[in-house]
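Each remark here refers to the structure printed beneath this line.
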There are 2 protein chains.
Amino acid sequence: MIRVLIADDQHLVRSALAALLNLEVDLEVVAQCADGDEVTAALALHKVDVALVDIQMPRLDGLSLAQQLSQTHPEVKVLVLTTFDRPGYFRQAFEAGASGFLVKDAPPEDLVSAIRKVYAGDKIIDPQRAMLSVETQRNPLTDREREILAHAASGAPVSRIAALVHLSVGTVRNHLSNAIGKTNTANRIEAARKAREQGWI
Amino acid sequence: MIRVLIADDQHLVRSALAALLNLEVDLEVVAQCADGDEVTAALALHKVDVALVDIQMPRLDGLSLAQQLSQTHPEVKVLVLTTFDRPGYFRQAFEAGASGFLVKDAPPEDLVSAIRKVYAGDKIIDPQRAMLSVETQRNPLTDREREILAHAASGAPVSRIAALVHLSVGTVRNHLSNAIGKTNTANRIEAARKAREQGWI
DNA sequence: ATCTGCCCATGACCGTTGTCATGGGTTCAG
DNA sequence: CTGAACCCATGACAACGGTCATGGGCAGAT
């Protein structure tokens, strides 16, 4: 019997996944959590073999959670679930110590077989996505550039960004200009979009 | 026995919801669809009492689908599901002829009880959300403003928008300026964000 | 010790964007 | 018929944004 923990911020999805998995005779959902903090609490109470964690979660997101679990509970295999298939997520998930990666658009059979494989110690690598992942180059942005670009994403004018980051407007514009160059886009907005897609911010 | 149709673009969520609903003795999931077009096809094959449709779907989205169903299949009750609780969705859903509205963060009991109520002919109105809905004012944007703002959302410069819409750059700027004024924001990007949040575009 | 890369800053140039005044066109309601 | 509310367009001004050259400070690497 494989003991599964489910972490997803949407109650309905969480329960529905639990219902789906409980249909399998060799799977047992032992805990359901709405965010990363609940997961750590749940791990203290239950023995868990496989943790199914959504990337998009409030407070402690799925990737940070995966990273944390790989250190505090290395015996728990982490299977990362995501709604959006951003190219960066795949790499980030494995860097964070996850054993598998699945898109929510995958057929349910893939999910259960992934859980069994991960439990057996395998890594789930979709060859097609692995290709895509090597193509995506590493984050070329510096810390400052990422920080400033993140603020720019919401449409804030340079002056406001400068105030938020405690820098001169000129410096902010330089950082943005660099980010725009590195992403080879035309303006801060497109740069922010691209950076987000690539998982750089 | 209430016959339920599920429409959600994410395979896993779709199947999981079906598993959840099939646990109820008086519910039967008769069809699962990935987009609006599959729904119309499925309705030709099965008798359906309640259609559970996600707003976010490719091709034919949930709201348009609800509108279409209310005309072609008025006997089918539509229950709209959404991941994001944008203030505009609630009103739009009922304007489109939906009988109920639920956020994916709702507990599963709410979903099954909503299905039963809707089947019985009731409308599902969360009083708290209804309040919120009257607060949200109607779309103040004109057709052109919406169209142009939608293009602006992706970060395209005015020149490109003008080309896309076959207008002069000056006119585009005027429309944008109007939209910015009506949303009382500082620039096109914030205007686009706000408009999207309010369900105006 | 020097080089490289990142950080911060300034000033200048020019293109883009937001605003405003103004004008002409349409359609629809009173 | 006359407003009212759209639509489209122009020209002009001020503010904002993206680029570049330049320069200084501070790390870690060779």
Side-chain angles (χ1 to χ4, degrees), chain A residues 88 91-92 95 136-201, chain B residues 88 91-92 95 136-201:
Chain A
R91 188 175 24 79
Q92 287 179 287
E95 281 176 3
T136 10
Q137 57 280 68
R138 261 215 102 53
N139 191 339
L141 302 176
T142 67
D143 289 356
R144 271 307 202 196
E145 287 160 1
R146 286 211 319 276
E147 183 185 11
I148 289 176
L149 201 51
H151 284 112
S154 56
V158 178
S159 55
R160 201 183 319 156
I161 301 177
L164 282 170
V165 195
H166 307 296
L167 285 179
S168 83
V169 288
T171 305
V172 170
R173 290 201 299 187
N174 284 337
H175 284 304
L176 281 174
S177 185
N178 288 334
I180 291 168
K182 288 179 181 175
T183 53
N184 63 90
T185 48
N187 56 46
R188 81 197 47 210
I189 303 301
E190 291 187 353
R193 286 170 58 87
K194 189 155 188 172
R196 214 186 276 284
E197 277 171 16
Q198 302 282 330
W200 292 343
I201 59 173
Chain B
R91 189 175 25 79
Q92 287 179 286
E95 281 175 3
T136 6
Q137 57 280 66
R138 263 214 102 48
N139 191 339
L141 302 177
T142 68
D143 288 357
R144 271 305 201 198
E145 287 160 2
R146 287 213 317 277
E147 184 185 9
I148 289 176
L149 201 51
H151 283 112
S154 56
V158 178
S159 55
R160 202 185 315 158
I161 302 178
L164 283 170
V165 195
H166 306 297
L167 285 179
S168 83
V169 288
T171 304
V172 171
R173 290 201 302 195
N174 285 336
H175 285 304
L176 282 174
S177 186
N178 287 334
I180 292 170
K182 287 179 180 175
T183 52
N184 64 89
T185 48
N187 57 46
R188 86 204 36 212
I189 303 301
E190 290 187 343
R193 284 171 61 86
K194 189 154 189 175
R196 215 187 275 283
E197 279 171 14
Q198 302 284 328
W200 293 343
I201 60 172

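Any value given below was found using the heavy atoms of this structure, including those in side chains, with hydrogens, waters and symmetry copies removed. Since the structure is predicted, the reported quantities are computational estimates derived from the model, not experimental observations. Below, read A as the first sequence line, B as the second, and so on, with proteins coming before strands; counting in each chain starts at 1.
For the pair B:Ile189 CD1 and C:dG18 C1', the computed distance is 13 Å after rounding to whole Å. Regarding A:Glu147, its CD atom lies at a distance of 10 Å from the P atom of C:dC7, rounded to whole Å. Look at CD on A:Glu145: it is 10 Å from P on C:dC8, rounded to the nearest Å. Taking atom CG of residue A:Leu149 and atom P of nucleotide D:dG17, one finds them 14 Å apart after rounding to whole Å. At whole-Å resolution of the value, CD1 in A:Ile161 and P in C:dC8 are 14 Å apart. The interatomic distance linking B:Arg160 (CZ) with C:dT16 (P) rounds to 12 Å, in whole Å. Whole-Å rounding puts the B:Leu167 CG to C:dG25 P distance at 18 Å. Computed from coordinates, the A:Arg173 CZ to C:dC8 P distance equals 16 Å when rounded to whole Å.
Toward the 5' end of DNA chain D, the nearer of the two residues A:Pro157 and B:Val169, judged by each one's closest nucleotide, is B:Val169.
The base of C:dT17 has none of its N or O atoms less than 3.5 Å from a complementary donor or acceptor on the side chain of A:Asn187. Within 3.5 Å, no donor on the side chain of B:Asp143 pairs with an acceptor on the base of D:dC6, nor the reverse.
At distances below 3.5 Å, at least one donor-acceptor pair connects side-chain atoms of A:His151 with backbone N or O atoms of A:Glu147. With A:Asn178 contributing its side chain and A:Glu145 its backbone, the two residues share no donor-acceptor pair below 3.5 Å. Between the side chain of A:Lys182 and the main chain of A:Leu141, no donor-acceptor pair closer than 3.5 Å is present.
Within the nucleic acid shown, B:Thr142 comes within 4.0 Å of sugar-phosphate atoms alone, with no base atom in reach, counting heavy atoms only.
Minimum atom distance to the side chain of A:Ser177 is reached by D:dG18, of the listed D:dC7, C:dT17, D:dG18. Taking every side-chain heavy atom of B:Asn174 into account, C:dA21 is the closest of C:dC8, C:dA21, D:dG18.
With respect to A:Glu197 and A:Lys194, no salt bridge is recorded, no charged nitrogen being found less than 4.0 Å from a carboxylate O. Salt bridge status for A:Glu190 with B:Arg160: present, with a side-chain N to carboxylate O gap under 4.0 Å.
Look at A:Arg144 and you won't find any side-chain N or O under 4.0 angstrom from OP1 or OP2 of C:dC6. Residue A:Ser168 places at least one side-chain N or O under 4.0 Å from the OP1 or OP2 atom of C:dT10.
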